[in-house]
There are 2 protein chains.
Amino acid sequence: MSVPVTIRDVAKAADVSPATVSRTFVRPEKVDAVTRERVLSAAARLDYRPNRAAQSLITGLTGNIGIVVPDLTNPFFPSVVRGIQNRAEELGYPVLLVDSGEDPVRESELVTRLGRQVDGLVLCAARMSDEDLLSHRRQRPMVLINRQVPGVPAVTFDNAAGIAQEVTHLKALGHVRIGYVAGPGTSYSSRVRQGAVTSHLAAAGLTEVAVGSFAPSFEGGRSAAEKVLLANVTAVMVYNDVMALGLINQLAQYGVSVPNDMTVVGYDDIEFAAMANPALTTVRVPREEAGALAMSYLNALLTATGPAPEAPAELKTEFIFRGTSVRAPLAQALAE
Amino acid sequence: MSVPVTIRDVAKAADVSPATVSRTFVRPEKVDAVTRERVLSAAARLDYRPNRAAQSLITGLTGNIGIVVPDLTNPFFPSVVRGIQNRAEELGYPVLLVDSGEDPVRESELVTRLGRQVDGLVLCAARMSDEDLLSHRRQRPMVLINRQVPGVPAVTFDNAAGIAQEVTHLKALGHVRIGYVAGPGTSYSSRVRQGAVTSHLAAAGLTEVAVGSFAPSFEGGRSAAEKVLLANVTAVMVYNDVMALGLINQLAQYGVSVPNDMTVVGYDDIEFAAMANPALTTVRVPREEAGALAMSYLNALLTATGPAPEAPAELKTEFIFRGTSVRAPLAQALAE
DNA sequence: TCCCTTGATGAAAACGGTTTCACCGGTTTA
DNA sequence: TAAACCGGTGAAACCGTTTTCATCAAGGGA
């Protein structure tokens, strides 16, 4: 209790100089085995903990890492945060977390502000421009999740495969005219998925009907309902699960019931996708895994050990067939 | 860019000593108005930012605050985190966030580890024992959310009122035998609510049927379904919304449909409560507000200014009548 | 035998702030 | 008029590490 024990206390107790104590911790191989042992035991006995501030002052490193997410209340992100944190904890990094509220400007400011508090950053689904991103990248090591910018390490999901799985599924169910409800244009993965949808639907010989871009929220999904109804399709692919759930909810207001009157497939497989009624057909993306991997990358960057990831990792997705998708003819028969 | 500007650079530029520069920032009233102006403009011109580590080293303060939550993937918590963070940002505190995974032991360890990184803590729904809590409290200023321990500042919700509102609602609907599905015994608010349920049901002349304690998760709610069915009640109050949703989901598996065959009311009003189908009748607790208030309290504690909150704040709750509760006779008629 | 490595160690100089203390000129008080 | 006070300021000590540099003993090659 009371007065904290410093490196000098340990030095005195072990009868060596402070320098040797320091070396024992940072460069153990530089100190003789027996002195090292002596220092270690003294340190343990006194319950010595190095003062972070003093270390930071001289090394210029904080030992912290930062995470920024666009919206913590979107269930997608807590999972990846958890993945990052678990790994960060194993590696001994405390983490600073901020929520940008889906605002690219604020996001960039937050990164600047975080900059001086952390040694490295994990940016989830960054909304800011490539240029801003690259300029921050020059200041601090960073790794991206769900975003790709040339030259910046990243972990992404194999969205093309995920979309392909959905398309195959819908085709197998006999759907022909298929709507796509996109996410915000500011979102990298929304643009990527849009591209994948277009190319895979075309490749499968199906007709794509673009419904428009909406906020990646429950409300966003609801506001897509009218346009979906006007699109004259039997199935809709939606940018993410939260929106899909919103869409289904609003469709119900119009007396259109899913899946009987309309097939809806989401994306992400958030927890509530399975809990909804009917349960949502979707594509699972390994969020915790992505977080953990990103953290591993960041650690590699920071310690300059391990594989410095050049090509962005692409995590496998998994198609989940649940209750919101049915055969097209059946849907139409019931709709009459 | 390049070399960071130090207090000495500013001192030189303003033609004063470093001491004066420091004073200008920490004790402005101690320096003459005109010198102060000179220093300030020099600092601005050079874009001077004090080095946190150096400040920490001498003051012993980090300038950071910490948040610990039991489970970030429970939608209850991101909201309160957001409330804390917004306020923290206004006040200029970076925040360290950790997730204890609902584990009291881990939680206590995390607090210890966070301890040396932060000046103060906000603990959400702390799971650890009163003793552990008090011992940590001796180390660092802290404020609790959704937990009460004598002598520790806290912001809580007026659960008694919330429960009372639910009871009144159920009584008005004609329910008489009412089940209660409790949360984990480790949760303070679960114990509090259990007490409130018992007393308010008794006061209303209704019969309480205790269903048991379950994990505060969707799965926890599902596992309560059988016992609920065996309880021979027309309505159930559930510890929180996530569990209520789980319960409803599992009841459907048994062919019991809500609200026709069973009235269910939740608690918290998480986002998905409104989104579910049918939408969940519940009690709204102001989560963001609670977070913001807690952060304000913590700031008061840290700066020794403002109201040092003695009595825990109790935030008002609001009853939300939605689709999972209906009149008892009707429920029974349909059940036949 | 002597010189040159080599490995282990300690003394001391950073790192960038804050704070104590002494000093100085000017004003009030006795 | 002398003594006490006071606001504003700078010199220097200090916070607890890491790291450079010098020192020293021991071992190896010539």
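These figures come from a predicted structure and were not determined experimentally. Per chain, numbering begins at 1; letters A, B, ... match sequence-line order.
In this structure, B/Ala54 and A/Val21 both approach DNA chain D, and ranking their closest nucleotides by distance from the 5' end singles out B/Ala54. Comparing B/Ala33 and A/Ile7 against DNA chain D, the residue whose closest nucleotide sits nearer the 5' end is B/Ala33.
For B/Arg8 and C/dG17, a side-chain-to-base donor-acceptor distance below 3.5 Å is present, hydrogens and geometry of angles not being considered. Below the 3.5 angstrom threshold, one finds no donor paired with an acceptor across the side chain of A/Arg52 and the base of D/dG16.
Among the heavy atoms of the strands lying under 4.0 Å from A/Thr20 are primed sugar atoms or P, OP1, OP2 only; no base atom is included. At a threshold of 4.0 angstrom between heavy atoms, the contacts of B/Thr6 are confined to the sugar-phosphate backbone, with no base atom among them. Within 4.0 Å (heavy atoms only), B/Thr35 reaches sugar-phosphate atoms of the nucleic acid but no base atom. Within the nucleic acid shown, A/Arg49 comes within 4.0 Å of sugar-phosphate atoms alone, with no base atom in reach, counting heavy atoms only.
Put simply, NZ on A/Lys30 is 12 Å from P on C/dT9, counting in whole angstrom units.
Side-chain nitrogen and oxygen atoms of B/Tyr48 include at least one within less than 4.0 Å of the OP1 or OP2 phosphate oxygen of C/dG17.
Look at A/Arg147 and A/Asp130 and you find a salt bridge, because one of the NZ, NE, NH1 or NH2 atoms lies within 4.0 Å of a carboxylate O, short of that distance.
B/Asn299 and B/Tyr93 share a donor-acceptor pair across their side chains, judged by distance under 3.5 Å alone.
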